[in-house]
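Chain identifiers are assigned alphabetically (A, B, ...) following the order of the sequence lines, protein sequences preceding nucleic acid strands; residue numbering begins at 1 within each chain.
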Amino acid sequence: MFEDLSGKLEQAFKSVTGQARLSDVNVAETVREIRRALLDADVNYDVARSITAAVKEKALGQGVLASVTPGQQFTKIVYDELVSVLGDEKEDIQFASTPPTVILIAGLQGSGKTTFTAKLAKFLKSQGRNPLLAAADVYRPAAVDQLRTLGDSIEVPVYSIKEKDAVRTAKEALAEAKKNAHDTLIIDTAGRMHVDEVMMSEVAEIKSVVKPNEVLFVVDAMTGQDAVFTAREFDKQIDFNGVVLTKLDGDTRGGAAISIKSVVNKPIKFVSTGEGVDSISAFYPDRMAQRILGMGDVVSLVEKAQEQYDEVQARKLQAKISSNAFNFEDFYGQLQQIKKMGSMRDLIGMIPGMSKQLGDVEIDDDSLKPIEAMINSMTIQERRNPQLINGSRRKRIATGSGTSVREVNDLLKQFNQMKKMMKTMTKMNKMGRAMEGLKNLAGRQRLH
Amino acid sequence: MSLFNKLGFGKKEKLHDGLEKTRSGFLEKMGKALVGKDKVDDEVLDDLEEVLITSDVGVKTTLEVIRRIEARVAKDKYLNSKELQGILQEEIAQLLKENDEERPAAFDAKLTHKPHIILVVGVNGVGKTTTIGKLAHLYKLAGKNVMLGAGDTFRAGAVEQLKIWSERAGVPIIQQGQGADPAAVAFDTVSSAKSREADVVLVDTAGRLHNRKALMDELAKIKRVMGKVVDQAPHEVLLVLDASTGQNAMQQAKAFSEVVDVTGLALTKLDGTAKGGIVIAISNEISVPVKYIGIGEKIEDLHVFDRNSFVEALFSKNH
C-alpha cells in the first residue's frame, strides 16, 4: 500500500517541529515527499513538478499554526493547490435548446465507455429524459450485444445497423431519435488508440456528422503517466468538452485526473465506480484531491481544529501537561472540545490510517457518555488530584455514574497511560495522537 | 480478415520496427555526459529519473535503478557510452524475472502437463478476452490442440466476444451463457479438455477489481475447481495488465497473487504511447515473469516478452 502523504509529511517535519516558521531549509525535504506522493498517485511528471513548485512558494514564510502539526498544515497547502488545479466549479451536461441533445462518448479500449454509456442513460432517464443509445462500436467483437444487453436492463432502446459502419450508425441513430421524439441520443464509439490515425479520424468524422452538444472523453482512473498524451491527442482530434473518470474504486488514486485537467483544461463531469448501472456520480474536486493525497479527511480536521480549538486554552493545557498537572478537569474540557468538532466516528475517520485501524470497532458518541458520567461523579478534589481516588471512592463513582468499579478502574488506568503518553510528546497539540488515546478509551469501553 | 485490412491495421508499426526509428538520444546523451567520469552528475540522473517515471516505472524502483547506476559507475569508472548503455539495460533487466522451465512462454515449447491449463485473470478492460484469442491463435499455429473456456459469464457480450475469437482462431470453445456459474464453466472446460486430450486450455474470467472481496473469492473458487479435475491445474495463472495503467497495477498484481497465485504477466496495449514500466517493479516485487506483450488488435499482435527490447523501448521516445 501507498503510505499516506500526510503520514510522510509528519516524518519529514519531525526535524522542524517547534520552529515558528516554514523556511526554505525545512520545506525542501517535504517538497520532495510531496512530489513522490504525487508521482505514486500517477500524477504526470511535469504536472507534479509544477504543483510542488507552487506549493513551495505558498508554504514559505507561513507561520506555524499552534493547533496542528506542520505536516498537517503543509498537507492543507498541497490539498488547496490540488483543488484549485482540479477546478472549483461543478459542470453539468450541456443540453441542446432544441432536442435531441447528442452526447458522443469516446476513449481508449477498455476505459469503460459502453458501461458508462448505459450508466449515463440510466442517470438521464431518472431525470425524466427519454434517451436513445447508438451502438457505434462496430469493431470489438460483440460490443453491440453488450450495449444491447445493458440497454435492455435499463429499458432504454439501442439503435444499431448490420453493416460495420460507425459513421452511418451515428447518422441513422440521430434520425431515429428525431423520429421517435427521443430528447437525448448517446453514441457509444469503439475504443481506439490515440496514435491510430484511421480510427481517430473516424471519431472526428462521427463528430462532424452528428454535431454533438457534448463530447465526453472516458478515461480509466488507473491510467498512469500516459494519461496526458492520450488526453491531448483526443482533445486535438475531437475537442471534447468533458472528462469521465471510470473505475474510481477502492485503492485507485486517480492522479490522472490532475494530469488531464492541467494539460487540456477540460472539466471532469462524471466519475464512475463499479459495474452496477447506478454507480455514477458528479465530480467533486475536494474529494478527488483527498483521494490523490490518500489522507482521509485531514483537511477538514485541520479546518475544524482551526475553528474550534481554542489556542489559549491549548497553551494552558500544554503547560499543565509538561508540569505533570494534567487532571480530570482538563480531560473533561478536552472531551468537550472534541465533541464540539463533531461525531467521534467521523473525527477518528478523518485521521489518516485510523479508519482502517478502527475496523469494526463500533464507536459512537454514546461511547463517551460513561466516561463523562464517571468524571461528573467525581468530586472537584478528585478531578484535580486523581491519585486521591481509592477503593471506596471508586465504588462511589461507579454507583454515581451507573457504571461498574471495573470501568472506573479502566478509566483511571487509561487516564494515567494517556497522561504519560502526552507528557512524552514533544508537542501537546498533535491532534492525531491525543485522539488516538481517546480512541483506546472509547473503543475499549465497548469491547469488554 | 478483410475487416482488419479495411481498417488499415496492416499499416501500423510494430513495437520493434518503431523502436529503431524512434529511439531517442537519451542513451547517447547519458553516455556523453559520463565519459571519463567516475560520478554521474545530477543532470543525467534527473534525465534518467524523468525517463523512468514517465514510463510508469514508479518512484521506488526508479530510485533503486538510480542507486544501482551510481554504484556501478563509482566502481567501474571511466565508462564509455556503450558500456554505460549496457549497464543501464542490465540493471533494469535484472529486475525482470526469468521464465521458469515448467511454464515456457514460447508457443512451440514442450509442455510438462497435458492438458496445460492457463487461467487468465485481471481487472476490467485490460484485454483478457482479446489476449486469449491471440494466445489461442498462436498456440494453434505452433501445432497445439487448443480449447477455450468462456468463464466471463458476467459482462454482457463477453461470451459472444470470446466465441468470435474462437472462430477466428479455429479452436473449440466451452460455454454456458451469461449469468452461468463461472466455476461450473471452468469445471466443464477442464473436464472436456481432459477427455478430448487438448494440449492447451485457456480459461477466460470476468474482469474484477482487485479490491472486491466477493469477486476475488469467486476467482479462488474457479481455480480450486480446476484442480479437482486435473492435477495441479491451473498450471499457469496469467495476470493481464494494461500498459497504460499506472502505479495501481502493483496493487492489482499483489491482490491477484494473494488470491490465485499469479505465475505470469501479460502486458497489453503497448501499441500506444504507454510504456508499461510498472511491470518492472511488479516482476521484481512479486517474482513473476512477464510473458507476453500485446501490441495491437490483430490476432497475431501478441509477442513473447523480450527483456532487452522492452528495456530499449523504455528509452525510445515516441511522443
Side-chain angles (χ1 to χ4, degrees), chain A residues 1-2 35-37 39-42 44-46 48 108-112 114-115 118 139-150 152-153 164 191 193-199 202 220-227 229-230 232-233 246-247 249-256 273-275, chain B residues 3 6-9 11-12 49-50 53-56 58-60 62-63 123-127 129-130 133 154-165 168 178 207 209-212 242-249 251-252 255 268-269 271-278 296-297 318-319:
Chain A
M1 275 314 267
F2 295 111
R35 208 166 136 243
R36 283 178 190 172
L39 294 173
D40 272 342
D42 291 324
N44 171 266
Y45 187 77
D46 295 326
L108 294 179
Q109 288 95 340
S111 53
T114 307
T115 306
Y139 308 112
R140 178 160 59 94
V144 177
D145 292 337
Q146 187 187 354
L147 190 62
R148 221 163 249 298
T149 310
L150 289 167
D152 286 348
S153 76
K164 294 198 176 298
M193 275 290 181
H194 52 297
V195 291
D196 187 335
E197 284 170 29
V198 180
M199 289 296 280
E202 181 206 72
D220 186 330
M222 294 184 278
T223 307
Q225 296 288 321
D226 199 45
F229 306 111
T230 316
R232 215 181 262 146
E233 207 51 44
T246 59
K247 305 181 210 172
D249 301 50
D251 52 15
T252 309
R253 282 300 173 88
T273 55
E275 290 181 272
Chain B
L3 169 68
K6 207 173 94 193
L7 293 174
F9 283 136
K11 282 182 246 157
K12 225 188 287 172
E49 177 195 277
E50 181 171 354
I53 293 284
T54 55
S55 305
D56 289 315
V59 174
K60 198 176 150 202
T62 296
L63 294 176
V123 302
N124 316 67
V126 289
T129 309
T130 307
F154 179 79
R155 180 166 59 88
V159 175
E160 287 83 351
Q161 189 185 349
L162 190 67
K163 198 156 179 262
I164 294 169
W165 279 113
R168 285 182 188 167
Q178 202 194 335
L209 289 181
H210 50 290
N211 48 26
R212 296 289 171 86
D242 183 331
S244 66
T245 304
Q247 302 307 300
N248 191 261
Q251 258 90 295
Q252 296 173 16
T268 61
K269 307 186 200 175
D271 46 331
T273 44
K275 307 285 188 157
I278 186 66
E297 294 185 79
N318 54 8
H319 40 67

Residue N44(A) versus chain B: region with a heavy atom under 4.5 Å:
neither

Under 4.5 Å to a heavy atom of chain A? For L162(B) that would be neither

Interatomic distance, OG1@T252(A) vs CG@N211(B), rounded to 0.5 Å, equals 6.5 Å

Who pairs with T230(A) by side-chain contact (heavy atoms from CB on, under 4.5 Å), at least two apart in sequence or on another chain?
L108(A), H194(A), F217(A), D226(A), F234(A)

Expected list for residues 140-149 of chain A: side-chain donor-acceptor pairs under 3.5 angstrom, two or more places apart:
unit_1: R140(A); atom_1: NH1; unit_2: Q146(A); atom_2: OE1; d: 3.1
unit_1: R140(A); atom_1: NH2; unit_2: Q146(A); atom_2: OE1; d: 2.7
unit_1: Q146(A); atom_1: OE1; unit_2: R155(B); atom_2: NH1; d: 3.4
unit_1: R148(A); atom_1: NH2; unit_2: V158(A); atom_2: O; d: 3.4
unit_1: R148(A); atom_1: NH2; unit_2: S160(A); atom_2: OG; d: 2.7
unit_1: T149(A); atom_1: OG1; unit_2: D145(A); atom_2: O; d: 2.8

Which pair of heavy atoms, one from N248(B) and one from D42(A), lies closest together, and at what distance?
N-OD2, 4.0 Å

Approximate separation, where rounding is to 0.5 Å, of M222(A) CE and Q251(B) CD
10.5 Å

Salt bridge R35(A)-E49(B), side-chain N to carboxylate O under 4.0 Å
yes

Engaged part of V126(B) at the chain A interface, taking heavy atoms whose separation is under 4.5 Å:
neither

Closest non-hydrogen contact found for L39(A) with I53(B) is CD2-CG2, 3.7 Å

Using modelled atom types only, decide if a donor and an acceptor are shared between the side chain of D56(B) and the backbone of G224(A) within a distance under 3.5 Å.
no

Might you point out which heavy atoms bring D271(B) and M193(A) nearest each other, and give the distance in Å?
OD1-CE, 3.3 Å

Minimal heavy-atom distance between K247(A) and N124(B), with the atoms involved, is NZ-O, 2.7 Å

Taking K163(B), K60(B), H210(B) one by one, which has the highest count of heavy-atom pairs under 4.5 Å against chain A?
H210(B)

Using heavy-atom distances under 4.5 Å, tell me whether V123(B) contacts chain A through its side chain, its backbone, both, or neither.
side chain

Most contacts with chain A, counted as non-hydrogen pairs under 4.5 angstrom, among G157(B), A156(B), G58(B)
A156(B)

